[in-house]
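Quick caveat, the model's predicted, so the values are computed rather than measured.
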Amino acid sequence: MRDVILKAVANPPKLFWGAVLPTALNAGLQIPFMFMAIGMGDVNPLVFIITIVLGHLIVVALSVKDPHLSGMLQAFGTTNISSTNLYSVKGNKFEP
């Protein structure tokens with residue numbers, strides 16, 4: 001049982017060899033733009049397929065370098081809060 005927990009922490013989930021969140025964002029943004037461009041401008045979808053694959057290769061390269069990329073992006077989203085400081089100091093100190 002302990003091996004399963006350690007394996008889940010050490011090996012975060014992947015989607016086609018890339019971190020889940022950036023891979024889903026890549027596909028979730030580029031595929032709707034592809035269909036809108038095809039519908040409105042009669043654009044060749046091969047252009048978008050190439051950009052989707054290139055974007056995914058970049059995500060895979062970043063995921064190989066740092067496998068916890070999804071967790072880091074989620075943590076950045078919750079801590080990127082601007083606060084008002086009680087004392088005049090440089091930077092945010094997260095004081096109420």
Side-chain angles (χ1 to χ4, degrees):
M1 174 120 165
R2 196 165 177 210
D3 293 333
V4 174
I5 294 171
L6 293 176
K7 186 176 180 182
V9 171
N11 297 325
K14 304 267 187 206
L15 183 64
F16 299 116
W17 305 283
V20 174
L21 187 60
T23 303
L25 284 173
N26 180 36
L29 289 174
Q30 289 197 26
I31 290 175
F33 284 130
M34 176 181 69
F35 286 122
M36 285 189 291
I38 291 170
M40 293 183 346
D42 199 27
V43 178
N44 188 0
L46 187 60
V47 173
F48 287 98
I49 299 296
I50 291 170
T51 61
I52 290 171
V53 171
L54 286 176
H56 185 72
L57 289 175
I58 291 169
V59 169
V60 168
L62 292 173
S63 298
V64 167
K65 183 177 178 183
D66 188 10
H68 296 281
L69 189 60
S70 291
M72 288 174 48
L73 288 174
Q74 289 173 345
F76 177 74
T78 58
T79 60
N80 190 20
I81 300 169
S82 62
S83 65
T84 57
N85 295 332
L86 292 176
Y87 311 108
S88 60
V89 293
K90 186 182 281 186
N92 290 329
K93 300 298 181 192
F94 294 108
E95 294 176 0

- Item | Separation between CZ of Phe35 and CE of Met40, rounded to the nearest 0.5 Å | 14.5 Å

- Query: Are Ile38 and Ile52 linked, directly or through other ILVMFWY residues, by side chains that come within less than 4.5 angstrom of each other?
  - Reply: yes

- Show the numbers, then the answer: is there a side chain to side chain contact (heavy atoms under 4.5 Å, CB included) between Val43 and Phe48? CA-CA 9 Å; Val43 178; Phe48 287 98; 3.9 Å; yes

- Task: Hey, could you give me each pair passing side chain to side chain donor-acceptor pair (under 3.5 Å) that has a residue in residues 32-49? Not counting sequence neighbours.
- Result: none

- Item | Check: Met34 and Ile49 side chains under 4.5 Å, non-hydrogen atoms | yes

- How long is the span from the CG atom in Leu69 to the CD atom in Gln74, to the nearest 0.5 Å? 10.0 Å

List the atom pairs, donor and acceptor, that lie under 3.5 Å between side-chain atoms in residues 14-21 and the rest of the protein, sequence neighbours left out.
none

- Validation row: Pro22, Leu62 side chains within 4.5 angstrom (heavy atoms): no

